[in-house]
Amino acid sequence: MKLLVIGGGGREHALAWRLAQSPRVQTVYVAPGNGGTARSRQIQNVALTDIGDLIEFARKEKIAYSVVGPEAPLAAGIVDAFQADGLKIFGPIREAARLESSKDYAKAFMMRHGIPTAAYQTFTDPAAAHRYIDEQGAPIVIKADGLAAGKGVVVAGTLEEAHAAVDHMLGDGGFGAAGAQVVIEECLEGEEASFIVMCDGHNVLPLATSQDHKRLLDGDHGPNTGGMGAYSPAPVITPALHNRVMREVIHPTIAGMARDGVPYSGFLYAGLMIGPGPDATRSLKVLEFNCRMGDPETQPIMMRIKSDFSEALELAIDGRLNDAQIDWDRRTALGVVLAAANYPATPRTGDPITRLAKDTDDCVVFHAGTQLEDQVLKTSGGRVLCVTALGDSLKRAQAAAYDAITRTHFDGQQYRRDIGWRALHQAGAASNETGQA
Ligand code: AMP
Ligand code: GLY
């Protein structure tokens, strides 16, 4: 069968790469794809982004089903449009995607359904927002309501920073319509983890856990980015905590959406903040929902899938996720992002990729911001590559990824040297002793 993956980043390359390995799959089309998907034999790029054009393509090519990678087409209603045309697609409908596309919607939803999250208030009036900040004190977190490509959150350490963020979002229209409303919330402390599940409206299948590294520089310093590297599993999510996340966050969310008349199908990503203490009592709160898989979390997660992922997706689309199963490689996968010069502010593009480590069974270079120009692979975006390796321990996966990086090069490349540091600092983290996917 033929499948269509919508998007063009590292997440979509990893998804297409995994799906292309299914014996049932003849071709995976990626729209628009990137330089990496352009080079694979069973994967073909399609230069389309318009929803109407994608529908026409899916119909003409008799695509068995489509999968959506990024949030923007979901928030624009791509799933509603495909379904209206009788085409199979995996992702939430527009109304359900509001869990990501409106922070105010997500917060109100969590309050209504008793899902643990930081205390907050929503503002459109700058004067009221400034007053609230003075009452609450710093640190405090200011979030643009709408989609802001990962740049709409300011964790303000001081009152000055918090007031400036409100002025930028509400006063200067710094984020356009996305910032016409701001959520101001309590600053949480702890360790972050990405908990991603598949849903079919009612049933849930958790994917392997993972952890991202959001800051640009080693030691979690520097500006926030889309994510500089990730690994799976996340040892912080012990089996006991896994059960708590399912019970306290995931099941109430899926049940709550169904009760609100907006059953959730698609990938659901809960960004969690896990406080200190013993598993049974440590604080567990949702920082955010995303209505898609994470990037770069998807890259290590896809490396660890051993079963036919195309089957799980098809069952999910058909509302039969309770029949689906995913077999996980017990090893750890770790991916390091190579970003372009001047990322994240003003990434430089057009640098030729002069060396590229050869893919093996246990190490794959997933492409994000690359494109093929007259057979020359060049950088075309902020996050360029994600070098992802499997290893018997986190340490070995890390060593293998960094070793492959020594065989990969483009001018201006920047990457973190410490991906995996949190897990390495945790006792017993070097092996998959928890037995948890
Ligand atoms: P978000 O886009 O909501 O994931 O926020 C981006 C990043 O900001 C998160 O990954 C956290 O590192 C941080 N963040 C968001 N909300 C909070 C909060 N309430 N307290 C502390 N950090 C936060
Ligand atoms: N890596 C974080 C995200 O995809 O939102």
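Atoms within a ligand are numbered from 1 in the order they appear, just like the ligands themselves.
In summary, the atoms of ligand 1 found under 4.0 Å from a heavy atom of Glu185, numbered by their order in the structure, are 16 (N), 17 (C), 18 (C), 19 (N).
Closest heavy-atom approach to atom 21 (C) of ligand 1 within the set Val183, Val155, Leu188: this belongs to Leu188. Closest to atom 8 (O) of ligand 1 by heavy atom, among Val286, Val153, Leu147, is Val153. By heavy-atom distance, the residue among Glu192, Arg215, Met273 lying nearest atom 12 (O) of ligand 1 is Glu192.
Checked against a 3.5 angstrom limit, the closest N/O atoms of Glu186 and ligand 1 fall inside it.
Between the side chains of Thr360 and Asp362, not a single donor N or O lies within less than 3.5 Å of an accepting N or O.
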Practice prompt. Test salt bridge (Lys or Arg N to Asp or Glu O under 4.0 Å) on Lys143 and Glu288 and set out the steps.
Written response: CA-CA 11 Å; Lys143 300 184 171 185; Glu288 61 162 345; over 6 Å; no
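The closest approach between any non-hydrogen atom of Gly271 and ligand 1 is not below 4.0 Å. In this structure, Lys143 has a heavy atom closer than 4.0 Å to ligand 1. Not a single heavy atom of Lys285 sits less than 4.0 Å from an atom of ligand 1.
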Got a list of side-chain donor-acceptor pairs under 3.5 Å for residues 250-262, not counting sequence neighbours?
residue, atom, partner, partner atom, Å
Thr253, OG1, Val249, O, 2.6
Asp260, OD1, His113, NE2, 3.1
Asp260, OD2, Arg112, NH2, 2.7
Asp260, OD2, His113, NE2, 3.1

Measure and list all N/O to N/O distances between ligand 2 and the protein that fall under 3.5 angstrom.
residue, atom, partner, partner atom, Å
ligand 2, 1 (N), Asp212, OD2, 2.8
ligand 2, 1 (N), Gly226, O, 3.3
ligand 2, 1 (N), Asp295, O, 2.9
ligand 2, 1 (N), Glu297, OE1, 2.8
ligand 2, 1 (N), Glu297, OE2, 3.4
ligand 2, 4 (O), Arg292, NH1, 2.9
ligand 2, 4 (O), Asp295, N, 2.9
ligand 2, 5 (O), Asn290, ND2, 3.4
ligand 2, 5 (O), Arg292, NH1, 3.4
ligand 2, 5 (O), Arg292, NH2, 2.9

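In summary, Arg416 and Asp220 engage in a salt bridge, as defined by a charged side-chain N under 4.0 Å from a carboxylate O.
For the side chain to side chain donor-acceptor pair (under 3.5 Å) test with Ser232, the passing option among Arg331, Arg304, Gln299 is Arg304; the others fail.
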